[in-house]
Amino acid sequence: MKSLFYSQGEDHYALDPDLKAILDTFAPGLPQEELSAFGRLVGEEVLEVAHHVDQFSPPHLLMHDLDGNRIDQALLSPAQRALLEKLRPMIRPAYEGRGWPLHYALGYLLADGGLYCILTITHQVAYALHKYAPEWEGVKRELLYGKAFGATWMTEIQGGSDLGANRTLARKEGEAYRLYGGDKYFASGAGLADWAIVTARPEGAPSGPKGLALFLLPRRVEGKLNYRVRRFKEKLATRAVPSGEVELEGSLAYLIGKPEEGIYYTLENLTVSRLANAVAAMGLAKKAHLEVLFRVGRRTAFGKPLREHPLVQRDLLEMRLRQVGGTALAFLAVAAFDRAWEERPPYGPHYHLARLLSHLAKGRTAEHGTQITALAMELFGGLGFLEDYGVARFHREALITPIWEGPANIQALDMAEAIAKKRAHEPLLDMLRESPEARAAESALKRLAEEGPWYAKEALRRLADAVAVHALKRVGAEPFPELARLYGKAFLEGESLPPQAARPALYDPWWRL
């Protein structure tokens, strides 16, 4: 497989000293042997299986069994099924009292959009049950420790990110409900999930998002299919996760928690997956970055190795700045969520800050990830555009990260709502204190208040960059203080990178190795 990836067979944790420095800052004490073992699994098996699934063996929908009964089952490659069981332990740490940073560190290392999505939506069901429906402990354990898979089906064809437009009706029937008129149009895990959490509006509930409740939907009831999968989507990437269209018509479901709090449970689950999106975006970017670091040391052009050319050094520096800035931002947000995740509605300042940081991290890392993977393709030249090799797929995979879990416009509007209604910017400014990045944040907030939604996306970017500089400054390892300064100049101040930064210690994370 070295013919497809330079990093095949390598320990991806050992190859990433910048990640270790960031984790030591925001999540000290993580088990190094466990991270290295997982890094080896990624290099030795994940790269190969993920490439095979993408190119040759994506999931297929089997609609009927031999007797003609509807089963709507996702058929996975045996290699993918076996790998998912090896990966399943990564979803357990938070529920075992080991914290969220370990899960998200493993998610960063995995960073395959399709595989990580399957695992994320599985433990999101466990999350909702763990926190708000303890009577379903048996299902939670089957998701975390058994063979069951989960899914989160919120969006519908007529609304997309506008959850308030959901039309699925929940009609009470005894101790349960029946769901009618449901058209969950982008349903990841369709045909695979044994249990899903879905949004629906109980009869008599008000319109809009606050009228939505959250329900647990089993795949089968008394041996019969409880919902139907219309088809699987043909996607540009993330092919390992079956994404389909699910029809709910008379489907039996069980209320989770209080119906009037359903929208809060839903948004909490989105926070969990938005952080996964952020770390996966940077993990994907790092995979492309690793391939480039190998490439520039092996490829010669115009009489010398690529890494000795000044313009290549500049590209490498830009890649590293985006990489460390986005990764530090993401794990600062993870640490904030880890401190606040057990809060319940109506929440407090710590949770509101964690939610705000999740919007900043999700929005900005998606931009960084797509830029890094695109530049990686360019540095590979023509080979970077060929599907025979890994770099092109990393870019295809990265392109979903701005879209999943709410695109940039939604992140910006949700951020603005958290600022206006929850005052989430106040603890953010306390965190930044009197630093230069605090002044940049204050300026962005002032302009957001004046210009409203028109400026929201730019405000998100500037606030995210201010927090990224703050996060990078907290990493004491060299050369992070200088990387923090350069990140601020490039992305907060909009200045060109100075030629004095053309030093291996800055543009090459492997320069000491």
Side-chain angles (χ1 to χ4, degrees), residues 59-76 81 117-118 120-130 132-133 135-144 146-157 163 166-203 205 212-233 241-257 259 262 265-266 269:
H60 291 278
L61 178 63
L62 181 65
M63 299 186 74
H64 299 88
D65 66 13
L66 287 168
D67 296 318
N69 302 306
R70 282 290 291 267
I71 57 172
D72 293 2
Q73 179 180 337
L75 297 181
L76 303 188
R81 276 201 174 272
C117 178
I118 291 172
T120 295
I121 59 180
T122 293
H123 87 79
Q124 281 180 285
V125 180
Y127 178 96
L129 302 182
H130 173 84
Y132 296 110
E135 66 272 21
W136 292 97
E137 175 69 17
V139 172
K140 185 189 90 172
R141 291 196 64 81
E142 183 66 16
L143 291 163
L144 294 177
K147 297 289 185 180
F149 289 104
T152 59
W153 298 336
M154 315 299 184
T155 59
E156 297 179 9
I157 187 171
L163 293 180
N166 278 13
R167 291 195 295 238
T168 305
L169 177 69
R171 185 171 294 150
K172 201 165 190 328
E173 184 178 289
E175 296 300 311
Y177 287 77
R178 293 279 179 184
L179 307 185
Y180 296 93
D183 192 348
K184 301 298 183 180
Y185 193 64
F186 281 98
S188 290
L192 181 63
D194 301 285
W195 300 87
I197 51 174
V198 301
T199 48
R201 196 178 311 279
E203 280 188 310
L212 294 177
L214 193 64
F215 295 87
L216 179 66
L217 177 77
R219 174 176 172 77
R220 291 188 170 274
V221 175
E222 297 179 351
K224 295 182 179 180
L225 197 62
N226 192 34
Y227 56 82
R228 291 195 167 186
V229 180
R230 185 185 304 138
R231 67 174 181 129
F232 281 176
K233 306 287 195 183
V241 57
S243 299
E245 300 165 11
V246 170
E247 299 172 351
L248 306 175
E249 196 59 48
S251 303
L252 190 72
Y254 301 92
L255 180 67
I256 293 175
Y265 308 158
T266 301
N269 257 273

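Hydrogens, waters and symmetry mates are skipped; everything else that's a heavy atom, side chains included, is used.
- Across all non-hydrogen atoms, the minimal contact from Gly244 to Ala190 is N-CB, 3.9 Å.
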Just do the salt bridge (charged side-chain N to carboxylate O under 4.0 Å, His left out) check on Glu247 and Arg228 with the steps written out, would you?
-> CA-CA 5 Å; Glu247 299 172 351; Arg228 291 195 167 186; over 6 Å; no

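- Atom CD of Glu135 has more than 12 neighbouring heavy atoms from other residues, nucleotides or ligands inside a 6.0 Å radius.
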Would you sort out whether Ile197 and Met154 count as a side-chain contact (heavy atoms from CB on, under 4.5 Å), showing the intermediate values?
-> CA-CA 8 Å; Ile197 51 174; Met154 315 299 184; 4.1 Å; yes

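- From Leu216, atom CG reaches atom OH of Tyr132 across 16.0 Å, with rounding to the nearest 0.5 Å.
- The minimum heavy-atom distance linking Cys117 with Val241 is given by the pair SG-CG2, 3.9 Å.
- Note that the CG atom of Leu143 and the CG atom of Asp194 stand 7.5 Å from one another [nearest 0.5 Å].
- In this structure, Gln124 contributes its side chain and Asn269 its backbone to a donor-acceptor pair below 3.5 Å.
- Defined by atom type and a distance below 3.5 Å, a donor-acceptor pair is present between the side-chain atoms of Asn166 and Thr199.
- Separation of atoms CH2 (Trp136) and OH (Tyr254) is listed at 5.0 Å; rounding is to 0.5 Å.
- Listed here is the closest heavy atom pair of Ile256 and Phe215: CD1-C, 3.9 Å.
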Test side-chain contact (heavy atoms from CB on, under 4.5 Å) applied to Leu212 and Arg201, step by step = CA-CA 5 Å; Leu212 294 177; Arg201 196 178 311 279; 3.7 Å; yes

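- Of all heavy-atom pairs spanning Phe232 and His60, the tightest one is CE1-C, 3.6 Å.
- For Asp65 (side chain) and Asp67 (main-chain N/O), a donor-acceptor pair under 3.5 Å exists by modelled atom type.
- For the atom pair NE2 (His123) and OG1 (Thr152), the distance works out to 10.0 Å, reported to the nearest 0.5 Å.
- Between Thr168 and Glu156, the closest heavy-atom pair is OG1-OE2, 2.6 Å.
- When atom types are taken as modelled, the side chain of Trp153 and the backbone of Ser188 share a donor-acceptor pair closer than 3.5 angstrom.
- Nearest heavy atom pair, residue Arg219 against residue Tyr227, reads CA-CE2, 3.5 Å.
- Tyr180 OH to Glu249 CD: the interatomic distance, rounded to the nearest 0.5 Å, is 7.5 Å.
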Starting from the C-alpha separation in whole Å, work towards a yes-or-no answer on side-chain contact (heavy atoms from CB on, under 4.5 Å) for Arg178 and Leu252.
-> CA-CA 5 Å; Arg178 293 279 179 184; Leu252 190 72; 3.7 Å; yes

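- Formation of a donor-acceptor pair under 3.5 Å by the Lys172 side chain with backbone atoms of Gly174 is found in this model.
- For the pair Val246 and Val198, the minimum side-chain heavy-atom distance is 4.5 Å or more.
- A heavy-atom distance below 4.5 Å is found between the side chains of Arg220 and Ile71.
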Arg167/Asp183 under side-chain contact (heavy atoms from CB on, under 4.5 Å): CA gap, chis, key distance, verdict | CA-CA 8 Å; Arg167 291 195 295 238; Asp183 192 348; 5.7 Å; no

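- At least one donor-acceptor pair under 3.5 Å links the side chain of Glu142 to the backbone N or O of Lys147.
- Using a distance-only test at 3.5 Å, with no hydrogens or angles considered, no donor-acceptor pair links the side chain of Gln73 to the main chain of Gly191.
- Taken to the nearest 0.5 Å, the NZ atom of Lys233 stands 12.5 Å off from the CG atom of Leu61.
- Judged purely by atom type and a 3.5 angstrom limit, Ser251 uses its side chain to pair as donor or acceptor with the backbone of Asn226.
- Around atom CD of Glu222, no more than 12 heavy atoms belonging to other residues, nucleotides or ligands sit under 6.0 Å away.
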